Amino acid sequence: MGRWTAALGMLLLAAAGCRQDMHDAPRYDPLEASNLFSNGSSARPLMPGAVPRGQLNDDAFLHTGKGPDGLPVTAFPFAITHAELDRGQDRYNVFCAPCHGRTGEGNGMVVQRGYRQAQSIHIDRLKVAPVGYFYDVIANGFGVMPDYRTQIPVEDRWRIIAYVRALQLSRTATTADMPADALAQLLKGQPAAKAPVEIHR
Ligand code: HEC
(Lines give C-alpha, C1' and ligand atoms only; values in the text may rest on other atoms or scores of the structure.)
Protein backbone atom coordinates (compact mmCIF):
# COMPACT_ATOMS: atom_id res chain seq x y z
CA MET A 1 0.00 0.00 0.00
CA GLY A 2 2.79 2.36 1.02
CA ARG A 3 4.56 1.66 -2.22
CA TRP A 4 1.48 2.60 -4.23
CA THR A 5 1.02 5.81 -2.27
CA ALA A 6 4.63 6.75 -2.94
CA ALA A 7 4.23 5.97 -6.65
CA LEU A 8 1.05 8.02 -6.82
CA GLY A 9 2.77 10.86 -4.99
CA MET A 10 5.63 10.87 -7.50
CA LEU A 11 3.18 10.79 -10.38
CA LEU A 12 1.33 13.79 -8.96
CA LEU A 13 4.58 15.66 -8.44
CA ALA A 14 5.66 14.94 -12.01
CA ALA A 15 2.27 16.07 -13.33
CA ALA A 16 2.41 19.24 -11.22
CA GLY A 17 5.88 19.88 -12.62
CA CYS A 18 4.53 19.75 -16.16
CA ARG A 19 1.78 22.10 -15.24
CA GLN A 20 4.22 24.54 -13.72
CA ASP A 21 6.26 24.50 -16.93
CA MET A 22 3.19 25.56 -18.86
CA HIS A 23 2.55 28.37 -16.40
CA ASP A 24 6.08 29.67 -16.72
CA ALA A 25 6.23 29.35 -20.52
CA PRO A 26 8.07 32.30 -22.07
CA ARG A 27 5.20 34.16 -23.66
CA TYR A 28 3.59 37.58 -23.43
CA ASP A 29 0.16 38.22 -21.99
CA PRO A 30 -2.08 40.34 -24.23
CA LEU A 31 -0.85 43.96 -24.35
CA GLU A 32 2.07 43.22 -21.98
CA ALA A 33 4.99 45.65 -22.11
CA SER A 34 8.23 44.50 -23.71
CA ASN A 35 11.73 45.91 -23.77
CA LEU A 36 12.60 43.80 -26.79
CA PHE A 37 10.82 46.04 -29.31
CA SER A 38 11.68 49.71 -29.69
CA ASN A 39 8.11 50.91 -29.12
CA GLY A 40 7.95 49.05 -25.78
CA SER A 41 4.92 46.98 -26.77
CA SER A 42 4.82 43.20 -27.16
CA ALA A 43 1.81 43.53 -29.49
CA ARG A 44 3.14 43.98 -33.00
CA PRO A 45 1.61 46.41 -35.50
CA LEU A 46 -0.25 44.97 -38.49
CA MET A 47 1.81 44.51 -41.63
CA PRO A 48 0.82 46.88 -44.44
CA GLY A 49 -1.93 45.26 -46.52
CA ALA A 50 -3.00 42.87 -43.74
CA VAL A 51 -6.74 42.15 -43.83
CA PRO A 52 -7.70 42.26 -40.15
CA ARG A 53 -10.22 39.80 -38.79
CA GLY A 54 -11.86 40.13 -35.41
CA GLN A 55 -10.83 43.78 -35.06
CA LEU A 56 -13.12 46.31 -33.46
CA ASN A 57 -15.10 47.61 -36.43
CA ASP A 58 -17.07 50.45 -34.94
CA ASP A 59 -17.77 52.21 -38.23
CA ALA A 60 -20.74 50.22 -39.54
CA PHE A 61 -21.03 52.34 -42.69
CA LEU A 62 -17.44 51.56 -43.70
CA HIS A 63 -17.38 47.94 -42.58
CA THR A 64 -20.84 46.66 -43.47
CA GLY A 65 -22.09 49.04 -46.16
CA LYS A 66 -25.37 49.23 -44.27
CA GLY A 67 -27.09 52.24 -42.71
CA PRO A 68 -28.69 52.39 -39.24
CA ASP A 69 -31.89 51.10 -40.88
CA GLY A 70 -30.05 47.96 -42.00
CA LEU A 71 -30.44 48.89 -45.67
CA PRO A 72 -27.52 49.10 -48.12
CA VAL A 73 -26.01 52.60 -48.16
CA THR A 74 -26.29 54.75 -51.28
CA ALA A 75 -23.05 56.74 -50.84
CA PHE A 76 -19.35 55.98 -50.42
CA PRO A 77 -17.85 56.23 -46.91
CA PHE A 78 -14.96 58.36 -48.21
CA ALA A 79 -14.37 60.69 -51.16
CA ILE A 80 -13.53 58.91 -54.40
CA THR A 81 -10.59 60.67 -56.03
CA HIS A 82 -8.79 59.67 -59.21
CA ALA A 83 -6.19 57.83 -57.13
CA GLU A 84 -8.96 55.83 -55.41
CA LEU A 85 -10.53 55.01 -58.76
CA ASP A 86 -7.18 53.91 -60.23
CA ARG A 87 -6.63 51.64 -57.27
CA GLY A 88 -10.18 50.31 -57.73
CA GLN A 89 -9.45 49.53 -61.38
CA ASP A 90 -6.26 47.75 -60.42
CA ARG A 91 -8.00 45.65 -57.74
CA TYR A 92 -11.02 44.95 -59.97
CA ASN A 93 -8.71 43.58 -62.64
CA VAL A 94 -7.01 41.34 -60.07
CA PHE A 95 -10.01 40.07 -58.13
CA CYS A 96 -13.13 40.42 -60.27
CA ALA A 97 -12.07 40.40 -63.93
CA PRO A 98 -11.06 36.70 -63.93
CA CYS A 99 -14.79 35.91 -63.73
CA HIS A 100 -16.63 39.12 -64.59
CA GLY A 101 -14.30 40.17 -67.41
CA ARG A 102 -12.41 43.46 -67.69
CA THR A 103 -15.51 45.28 -68.93
CA GLY A 104 -17.91 43.56 -66.52
CA GLU A 105 -19.93 41.41 -68.91
CA GLY A 106 -19.45 38.30 -66.81
CA ASN A 107 -17.40 36.44 -69.41
CA GLY A 108 -13.96 36.35 -67.75
CA MET A 109 -11.40 33.67 -68.45
CA VAL A 110 -12.47 31.51 -65.50
CA VAL A 111 -16.00 31.48 -66.93
CA GLN A 112 -14.68 30.70 -70.40
CA ARG A 113 -12.95 27.70 -68.84
CA GLY A 114 -16.22 26.34 -67.48
CA TYR A 115 -17.04 28.20 -64.22
CA ARG A 116 -20.62 29.24 -63.71
CA GLN A 117 -21.59 32.31 -65.78
CA ALA A 118 -20.83 35.41 -63.69
CA GLN A 119 -23.45 38.15 -63.62
CA SER A 120 -23.07 41.12 -65.96
CA ILE A 121 -22.75 44.35 -63.98
CA HIS A 122 -24.55 46.13 -66.85
CA ILE A 123 -28.01 44.69 -66.21
CA ASP A 124 -30.65 47.25 -65.17
CA ARG A 125 -31.06 45.81 -61.67
CA LEU A 126 -27.37 46.27 -60.87
CA LYS A 127 -27.17 49.68 -62.53
CA VAL A 128 -29.56 51.02 -59.91
CA ALA A 129 -28.42 48.83 -57.01
CA PRO A 130 -26.96 50.96 -54.18
CA VAL A 131 -23.20 50.84 -53.59
CA GLY A 132 -23.82 49.17 -50.22
CA TYR A 133 -25.33 46.23 -52.10
CA PHE A 134 -22.09 45.65 -54.03
CA TYR A 135 -20.20 45.91 -50.75
CA ASP A 136 -22.32 43.11 -49.36
CA VAL A 137 -21.69 40.90 -52.41
CA ILE A 138 -17.90 41.40 -52.12
CA ALA A 139 -17.84 40.90 -48.33
CA ASN A 140 -20.28 38.00 -48.09
CA GLY A 141 -20.39 36.43 -51.56
CA PHE A 142 -23.52 35.81 -53.61
CA GLY A 143 -24.88 32.43 -54.75
CA VAL A 144 -21.93 30.46 -56.09
CA MET A 145 -19.66 33.51 -56.02
CA PRO A 146 -17.29 33.18 -53.05
CA ASP A 147 -16.81 36.03 -50.59
CA TYR A 148 -13.65 38.14 -50.77
CA ARG A 149 -13.59 39.26 -47.13
CA THR A 150 -10.23 37.63 -46.43
CA GLN A 151 -8.54 38.81 -49.61
CA ILE A 152 -9.69 42.39 -50.14
CA PRO A 153 -9.20 45.04 -47.41
CA VAL A 154 -12.28 47.11 -46.56
CA GLU A 155 -11.20 50.34 -48.30
CA ASP A 156 -10.24 48.47 -51.46
CA ARG A 157 -13.73 46.95 -51.62
CA TRP A 158 -15.16 50.46 -51.87
CA ARG A 159 -12.58 51.49 -54.49
CA ILE A 160 -13.55 48.44 -56.56
CA ILE A 161 -17.20 49.46 -56.32
CA ALA A 162 -16.30 52.97 -57.55
CA TYR A 163 -14.66 51.36 -60.57
CA VAL A 164 -17.69 49.12 -61.14
CA ARG A 165 -19.77 52.32 -61.22
CA ALA A 166 -17.33 53.79 -63.75
CA LEU A 167 -17.66 50.68 -65.93
CA GLN A 168 -21.44 50.95 -65.75
CA LEU A 169 -21.33 54.65 -66.61
CA SER A 170 -19.06 53.96 -69.57
CA ARG A 171 -22.02 52.31 -71.34
CA THR A 172 -24.50 55.10 -71.05
CA ALA A 173 -22.55 58.33 -70.51
CA THR A 174 -22.75 60.88 -73.31
CA THR A 175 -20.57 63.87 -74.07
CA ALA A 176 -23.20 65.91 -72.18
CA ASP A 177 -21.99 64.22 -68.98
CA MET A 178 -18.44 65.46 -69.55
CA PRO A 179 -17.01 68.53 -67.84
CA ALA A 180 -16.74 71.36 -70.41
CA ASP A 181 -12.93 71.49 -70.43
CA ALA A 182 -12.64 67.72 -70.88
CA LEU A 183 -15.14 67.89 -73.76
CA ALA A 184 -13.15 70.69 -75.39
CA GLN A 185 -10.01 68.54 -75.16
CA LEU A 186 -11.86 65.61 -76.68
CA LEU A 187 -13.18 67.69 -79.58
CA LYS A 188 -9.60 68.77 -80.27
CA GLY A 189 -8.78 65.10 -80.57
CA GLN A 190 -6.73 65.04 -77.40
CA PRO A 191 -7.24 62.78 -74.41
CA ALA A 192 -8.98 64.59 -71.58
CA ALA A 193 -6.81 65.73 -68.70
CA LYS A 194 -7.65 63.87 -65.51
CA ALA A 195 -10.50 65.75 -63.92
CA PRO A 196 -11.64 65.14 -60.34
CA VAL A 197 -14.32 62.47 -60.34
CA GLU A 198 -17.52 62.61 -58.40
CA ILE A 199 -19.46 59.41 -57.90
CA HIS A 200 -22.35 59.59 -55.51
CA ARG A 201 -24.45 56.52 -55.95
C1 HEC B 1 -14.70 33.01 -59.15
C2 HEC B 1 -15.49 33.83 -60.03
C3 HEC B 1 -15.94 35.18 -59.52
C4 HEC B 1 -15.16 36.20 -59.03
C5 HEC B 1 -13.65 36.22 -58.89
C6 HEC B 1 -16.04 37.28 -58.72
N7 HEC B 1 -17.34 36.94 -59.02
FE8 HEC B 1 -18.99 38.10 -58.81
N9 HEC B 1 -20.16 36.56 -59.43
C10 HEC B 1 -19.70 35.33 -59.88
C11 HEC B 1 -20.82 34.49 -60.21
C12 HEC B 1 -20.75 33.07 -60.76
C13 HEC B 1 -21.99 35.25 -59.96
C14 HEC B 1 -23.43 34.76 -60.08
C15 HEC B 1 -23.72 34.01 -58.79
C16 HEC B 1 -25.05 33.32 -58.77
O17 HEC B 1 -25.99 33.80 -59.40
O18 HEC B 1 -25.14 32.28 -58.04
C19 HEC B 1 -21.53 36.55 -59.49
C20 HEC B 1 -22.36 37.61 -59.16
C21 HEC B 1 -21.92 38.88 -58.85
C22 HEC B 1 -22.79 40.01 -58.68
C23 HEC B 1 -24.30 40.03 -58.88
C24 HEC B 1 -25.10 39.81 -57.63
C25 HEC B 1 -26.58 39.85 -57.97
O26 HEC B 1 -27.34 40.50 -57.23
O27 HEC B 1 -26.98 39.24 -58.97
C28 HEC B 1 -21.99 41.09 -58.38
C29 HEC B 1 -22.43 42.52 -58.12
C30 HEC B 1 -20.63 40.61 -58.36
N31 HEC B 1 -20.62 39.26 -58.65
C32 HEC B 1 -19.55 41.41 -58.11
C33 HEC B 1 -18.23 40.93 -58.04
C34 HEC B 1 -17.09 41.75 -57.69
C35 HEC B 1 -17.14 43.24 -57.39
C36 HEC B 1 -16.01 40.94 -57.70
C37 HEC B 1 -14.59 41.28 -57.34
C38 HEC B 1 -14.37 41.72 -55.99
C39 HEC B 1 -16.46 39.61 -58.06
N40 HEC B 1 -17.81 39.65 -58.26
C41 HEC B 1 -15.64 38.49 -58.20
C42 HEC B 1 -18.39 34.93 -59.96
C43 HEC B 1 -17.31 35.65 -59.51
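Atoms within a ligand are numbered from 1 in the order they appear, just like the ligands themselves. Keep in mind it's a predicted model, so treat the numbers as computed, not measured.
The protein atom (non-hydrogen) at minimum distance from atom 11 (C) of ligand 1 is Ala118 CA, 3.6 Å. Shortest contact from atom 1 (C) of ligand 1 to any protein heavy atom: Cys99 SG, 2.7 Å. The shortest contact between atom 28 (C) of ligand 1 and any protein heavy atom is with Val137 CG1, 3.7 Å. When only non-hydrogen protein atoms are considered, atom 36 (C) of ligand 1 lies nearest to Cys96 SG, 2.8 Å. Here the heavy atom of the protein found nearest to atom 24 (C) of ligand 1 is Phe142 CD2, 3.6 Å. For atom 32 (C) of ligand 1, the nearest non-hydrogen atom of the protein is His100 NE2, 3.7 Å. Protein heavy atom at the shortest distance from atom 17 (O) of ligand 1 is Arg116 NH2, 3.5 Å.
Below 4.0 Å from some heavy atom of Gly143 lie the following atoms of ligand 1, by number and element: 18 (O). Within ligand 1, the atoms closer than 4.0 Å to a non-hydrogen atom of Phe95 are 5 (C), 37 (C), 41 (C), numbered from 1 in the order shown. Less than 4.0 angstrom separates some heavy atom of Phe134 from each of these atoms of ligand 1: 29 (C). Here is the list of ligand 1 atoms found below 4.0 Å of a heavy atom in Tyr133: 24 (C), 25 (C), 26 (O). Every atom of ligand 1 is numbered from 1 in the order shown, and the set under 4.0 Å from a heavy atom of Ile138 is 35 (C). Close approach of ligand 1 to Tyr148 (heavy-atom distance below 4.0 Å) involves ligand atoms 1 (C), 4 (C), 5 (C), 41 (C). Under a 4.0 Å criterion applied to the non-hydrogen atoms of Ile152, ligand 1 contributes the atoms 38 (C).
Distances from atom 8 (Fe) of ligand 1 show that Met145 has an N/O/S atom below 2.8 Å.
A cation-pi arrangement is absent between Arg157 and Tyr148 under the rule of less than 6.0 angstrom and at most 45 degrees off the ring axis.
Ligand 1 has a nitrogen or oxygen under 3.5 angstrom from a nitrogen or oxygen of Val144.
Ranked by closest heavy atom to atom 13 (C) of ligand 1, the top entry among Gln151, Gln119, Arg125, Arg91 is Gln119.
Screening Glu84, Gln89, Arg91 for a side-chain contact (heavy atoms from CB on, under 4.5 Å) involving Arg87 leaves a single residue, Arg91.
Residue Arg157 places no heavy atom under 4.0 Å from ligand 1.
Formation of a donor-acceptor pair under 3.5 Å by the Arg44 side chain with backbone atoms of Ser41 is found in this model. The backbone N or O of Glu32 sits less than 3.5 Å from a side-chain atom of Ser42, completing a donor-acceptor pair. Using modelled atom types, one side-chain atom of Gln168 and one backbone atom of Leu126 make a donor-acceptor pair closer than 3.5 Å.
In the hydrophobic clustering of ILVMFWY residues, with side-chain heavy atoms under 4.5 Å counting as a link, Leu85 and Leu62 come out together.
Between Tyr135 and Trp158, the ring planes lie parallel to each other; the angle is under 30°, not in the 30° to 60° tilted range.
Applying the 6.0 Å contact sphere to CZ of Arg113 captures no more than 12 heavy atoms from other residues, nucleotides or ligands. Summarising the local packing, CG of Asn35 is surrounded by 12 or fewer heavy atoms from other residues, nucleotides or ligands at distances under 6.0 Å. Residue Leu31 places its CG atom among 12 or fewer non-hydrogen atoms of other residues, nucleotides or ligands, all under 6.0 Å distant.
Using a 4.5 Å heavy-atom threshold, the side chains of His100 and Tyr92 count as touching.
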